[in-house]
Amino acid sequence: MTTKTSIDHIGDYVGQTVCLEGWLYNKRSSGKIVFLQLRDGSGWIQCVAVRSELPEAQFSACQNVTQESSLRVTGTVRAEARSQSGYEMSIESVEIVGHASDYPVTLKEHGVDFLLDHRHLWIRTPRQRSILKIRSEILLAMTEFFANNGFTRVDPPILTPTSCEGTSELFHTKYFEEDAFLTQSGQMYMEAAAMALGKVYSMGPTFRAEKSKTRRHLIEFWMIEPEMAYVTHAQNLEVQEQFISHIVQHVLENCSAELHVLERDVSKLTSVTTPFPRLTYDDAIAWLQENGHEISWGEDFGAPHEAAIASAYDRPVFIEKFPTAIKAFYMQPDPDRPEVALCADLLAPEGYGEIVGGSERIHDYNLLLKRFEEHHLPLEDYQWYLDLRRYGSVPHSGFGIGLERTVAWICGLEHVREASAFPRMLYRLTP
RNA sequence: UCCUCGAUAGCUCAGCGGUAGAGCAUCCGGCUGUUAACCGGAGGGUCGUAGGUUCGAAUCCUACUCGGGGAGCCA
């Protein structure tokens with residue numbers, strides 16, 4: 001029985017005969033030699049069939065095999081200077097597992113619409129594979145950071161009875177006889193979990209029924225939401241910058257091949273070290289006004305404002321202490337200046353926009369009650385949330401980070417849709 | 001929802017009032033080191049849909065459908 005292996009381990013088998021199981025990425029041939037480029041998910045290798053060295057049936061199978069047919073290839077591994085990976089396989093036998101005819105996603109250029117219609121096949125290409133690998137490594141780095149810093153993972157519900165923030169449009173569904181909505185944030189549940197377990201985090205999908213149609217928006221996206229008891233606004237920012245720099249460092253250390261496929265300028269990532277610059281909302285408004293933007297105190301930033309500020313730095317930048325009036329109801333006011341909240345947005349470099357939003361939460365029962373009234377939120381739906389301030393309330397903080405935006409930034413993508421295996425976008429639910 | 005751009009072969013596009021084109025993919029043939037291989041040949045089309053202008057419309061006009069990019073909202 002021939003040893004089976006995967007392409008990423010091929011260097012351990014030089015001079016030996018092994019079997020690889022994969023798919024045909026591309027083929028080139030002349031009359032008496034055929035080059036099969038095999039991929040198996042772990043990498044690529046060129047397999048060479050020579051007419052004089054193979055039975056005629058085996059050689060003609062190599063000549064006729066089509067793009068993306070699945071193959072078992074048995075042969076001898078050689079070190080090969082002409083190969084990019086440094087290795088090649090001399091084919092001894094080929095078994096076609098599944099024939100592919102008229103594979104739609106050719107190696108030439110395609111339009112976005114066509115590629116998205118064929119997303120289930122598009123993800124086989126080197127570029128898309130690299131993105132999905134890096135996404136997976138980012139989630140691993142996040143998990144690692146949380147495990148090393150005393151966090152417990154808690155998974156909040158996806159079906160919820162009400163809005164968490166009362167702002168965004170929600171997807172509506174039925175829960176037997178009741179109305180239900182797909183979650184837009186697990187934050188309130190994570191606040192409850194933080195009172196139980198101290199430091200907690202969630203990872204999972206969230207949904208926004210907004211008709212957003214830009215390169216930074218998906219309808220369904222993943223959010224990672226840490227929540228920490230007894231943690232203040234200032235400490236929250238420190239956790240965020242350590243968290244982000246850990247992720248970037250992990251990708252730099254573990255994904256250099258994938259970053260190379262993506263032609264990512266890694267100097268834009270090596271500069272991401274702590275501390276990150278902190279700009280108050282006041283500073284940001286003043287800076288924008290000095291740089292010719294028409295904006296006044298009290299207004300929220302638009303995408304062009306965020307891009308202008310972010311482009312002034314070589315690493316993510318915090319903008320903190322926004323006016324209370326334009327931020328979520330649950331954010332703790334600054335005790336020295338109640339008109340601003342103890343919150344911060346983290347803007348990614350290179351125009352990728354807001355990747356993190358966080359704040360210290362209101363812990364005082366009466367103040368939170370007042371906010372519910374000001375925002376006309378139905379108290380009966382939120383009694384459990386108010387309970388957290390009735391029974392041993394403590395100062396606490398947390399943040400939410402958008403996974404696809406983070407992946408898009410680290411990978412240098414044009415659009416967040418490539419950061420998801422099967423993106424849900426406005427007017428696009430399939431595949 | 002608003003602004004803007006687009007829809008021609010399986011794919012990417014050219015043609016912009018006068019007989020529907022190219023490259024790639026597919027099929028056939030050639031080539032012993034190819035790297036989005038190359039060379040020769042073949043098949044492949046209700047020019048998004050519906051109206052209108054014109055002797056004549058893929059081309060000009062109107063509406064609609066579908067999609068891209070952006071704004072707002074946010075992560």
Side-chain angles (χ1 to χ4, degrees), chain A residues 25-37 44-54 59 63-64 66-68 78 80-85 88 90 100-118 121-122 125-127 164-165 167-170 184-187 204-225 299-307 326-328 345-348 351-358 399-409 414-417 419-420 425-428:
Chain A
Y25 174 66
N26 197 12
K27 174 185 72 178
R28 298 183 195 87
S29 69
S30 18
K32 293 171 185 169
I33 187 164
V34 178
F35 302 98
L36 300 182
Q37 294 195 313
W44 284 261
I45 189 168
Q46 177 157 277
C47 304
V48 186
V50 179
R51 172 165 259 161
S52 58
E53 296 171 4
L54 281 177
F59 186 77
Q63 278 186 310
N64 295 324
T66 53
Q67 185 193 2
E68 287 301 324
R78 285 185 284 107
E80 171 58 68
R82 286 172 289 191
S83 157
Q84 273 188 0
S85 72
E88 250 182 22
S90 296
S101 52
D102 296 323
Y103 187 73
V105 186
T106 63
L107 301 178
K108 296 288 176 177
E109 285 175 19
H110 298 286
V112 171
D113 193 35
F114 177 83
L115 288 170
L116 286 169
D117 283 341
H118 295 84
L121 303 175
W122 186 19
T125 61
R127 178 180 166 82
C164 280
E165 301 188 18
T167 52
S168 298
E169 293 288 323
L170 303 181
Q184 61 162 349
S185 167
Q187 182 201 311
T206 50
F207 307 86
R208 303 278 164 91
E210 299 278 353
K211 298 209 169 178
S212 299
K213 203 172 174 241
T214 80
R215 69 182 66 189
R216 298 183 308 281
H217 289 87
L218 294 174
I219 303 301
E220 174 181 332
F221 65 98
W222 270 49
M223 218 165 27
I224 291 80
E225 296 184 278
E299 289 181 76
D300 207 351
F301 300 131
H305 302 127
E306 287 187 356
I326 57 169
K327 283 293 177 181
D345 288 351
L346 185 66
L347 304 183
Y352 284 93
E354 182 186 345
I355 53 172
V356 181
F399 60 95
I401 175 166
L403 179 61
E404 286 79 6
R405 283 191 187 172
T406 304
V407 173
W409 161 51
E414 288 291 313
H415 198 299
V416 289
R417 64 186 162 218
S420 170
M425 304 190 303
L426 190 58
Y427 308 132
R428 188 178 284 282

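Below, chain A is the first sequence line, B the second, and so on; all start at residue 1.
Rounding to whole angstrom units, CZ of residue A:Phe221 and P of B:A75 are separated by 7 Å. Put simply, CG on A:Leu36 is 14 Å from C1' on B:G33, counting in whole angstrom units. Taking atom NE2 of residue A:His305 and atom C1' of nucleotide B:C74, one finds them 16 Å apart after rounding to whole Å. Look at CZ on A:Phe301: it is 12 Å from P on B:C73, rounded to the nearest Å. A:Leu107 places its CG atom 10 Å from the C1' atom of B:C24, with the value rounded to the nearest Å. For the pair A:Arg51 CZ and B:U34 P, the interatomic distance rounds to 19 Å; values are reported in whole Å. With rounding to whole Å, A:Glu169 atom CD is found 17 Å from B:G72 atom P. Summarising the geometry, the separation between OH on A:Tyr427 and C1' on B:G69 is reported as 14 Å, rounded to the nearest angstrom.
Using the Watson-Crick or G-U wobble rule with both distances under 3.5 Å, B:A63 pairs with B:U49. Across all strands shown, B:C31 forms no Watson-Crick or G-U wobble pair with both key distances under 3.5 Å.
A sub-4.0 Å separation between OP1 or OP2 of B:G69 and a side-chain N or O of A:Arg417 is present. The side chain of A:Arg405 contributes no N or O atom lying less than 4.0 Å from OP1 or OP2 of B:C74.
Closest approach to the A:Val50 side chain among B:C73, B:A75, B:U32 is made by B:U32 (side chain taken as heavy atoms from C-beta onward). Here B:G72 is the nucleotide among B:C73, B:C74, B:G72 with the atom lying nearest to any side-chain atom of A:Pro304. Here the side chain of A:Asp102 is nearest to one of B:G72, B:U26, B:A75, namely B:U26. The side chain of A:Phe35 lies closest to B:U34 when the candidates are B:U34, B:A71, B:U32. Taking only side-chain atoms of A:Met425, from C-beta outward, the nucleotide of B:G33, B:G68, B:A75 with the closest atom is B:G68.
Comparing A:Val48 and A:Asn26 by the nucleotide of RNA chain B whose heavy atom lies nearest to each, the residue mapping closer to the 5' end is A:Val48. With RNA chain B read from its 5' end, the first of the two nearest nucleotides for A:Arg28 and A:Asn64 is the one closest to A:Asn64.
A donor-acceptor contact shorter than 3.5 Å links the side chain of A:Arg51 to the backbone of A:Gly31. Proximity of a side-chain donor or acceptor of A:Gln67 to a complementary backbone N or O of A:Asn26 within less than 3.5 Å is not detected. A donor-acceptor pair is defined here as one N or O able to donate and one able to accept, closer than 3.5 Å; such a pair exists between the side chain of A:Arg405 and the backbone of A:Glu354. Side chain of A:Gln184 to backbone of A:Thr206: no donor-acceptor contact under 3.5 angstrom is found.
Side-chain atoms of A:Arg428 and base atoms of B:C66 include no donor and acceptor less than 3.5 Å apart. Between the side chain of A:Glu88 and the base of B:G33 there is at least one donor-acceptor pair of N/O atoms closer than 3.5 Å.
At the heavy-atom level, A:Gly302 lies under 4.0 Å from the strands shown only through sugar-phosphate atoms. Among the protein residues, A:Gln46 comes within range of the nucleic acid bases, having at least one heavy atom under 4.0 Å from a base atom. As judged by a 4.0 angstrom heavy-atom cut-off over every strand, A:Val34 is placed among residues making no nucleic acid contact. As judged by a 4.0 angstrom heavy-atom cut-off over every strand, A:Leu218 is placed among the base-contacting residues. Contact annotation for A:Ile401: no contact, since no heavy-atom pair falls under 4.0 Å across all strands. Residue A:His415 is in sugar-phosphate contact alone, with no base atom involved, counting any heavy-atom pair closer than 4.0 Å across all strands shown. Note on A:Thr406: nothing from the nucleic acid sits closer than 4.0 angstrom, heavy atoms only.
Going from the P atom of B:G69 to that of B:C24 covers 29 Å, rounded to whole Å. To the nearest whole angstrom, the two P atoms, one in B:C64 and one in B:G21, are 34 Å apart. Rounded to the nearest Å, the gap between the P atom of B:C66 and that of B:U26 is 34 Å.
Classified by interplanar angle (parallel below 30°, tilted 30° to 60°, perpendicular above 60°), the ring pair A:Phe114/A:His118 is tilted.
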Look for any protein N or O under 3.5 Å of an N or O in nucleotides 2-13 of chain B and output each such pair with its distance, or none.
unit_1: B:C11; atom_1: O2'; unit_2: A:Glu109; atom_2: O; d: 3.2
unit_1: B:C11; atom_1: O2'; unit_2: A:His110; atom_2: ND1; d: 2.6
unit_1: B:U12; atom_1: OP1; unit_2: A:Gly111; atom_2: N; d: 2.9
unit_1: B:U12; atom_1: O4'; unit_2: A:Glu109; atom_2: O; d: 3.3

| field | Verdict with supporting geometry, A:Asp117 and A:Arg428, salt bridge (Lys or Arg N to Asp or Glu O under 4.0 Å) | value | CA-CA 9 Å; A:Asp117 283 341; A:Arg428 188 178 284 282; 2.8 Å; yes

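With respect to the salt-bridge test (charged N to carboxylate O, under 4.0 angstrom), the residues A:Arg208 and A:Glu210 do not qualify.
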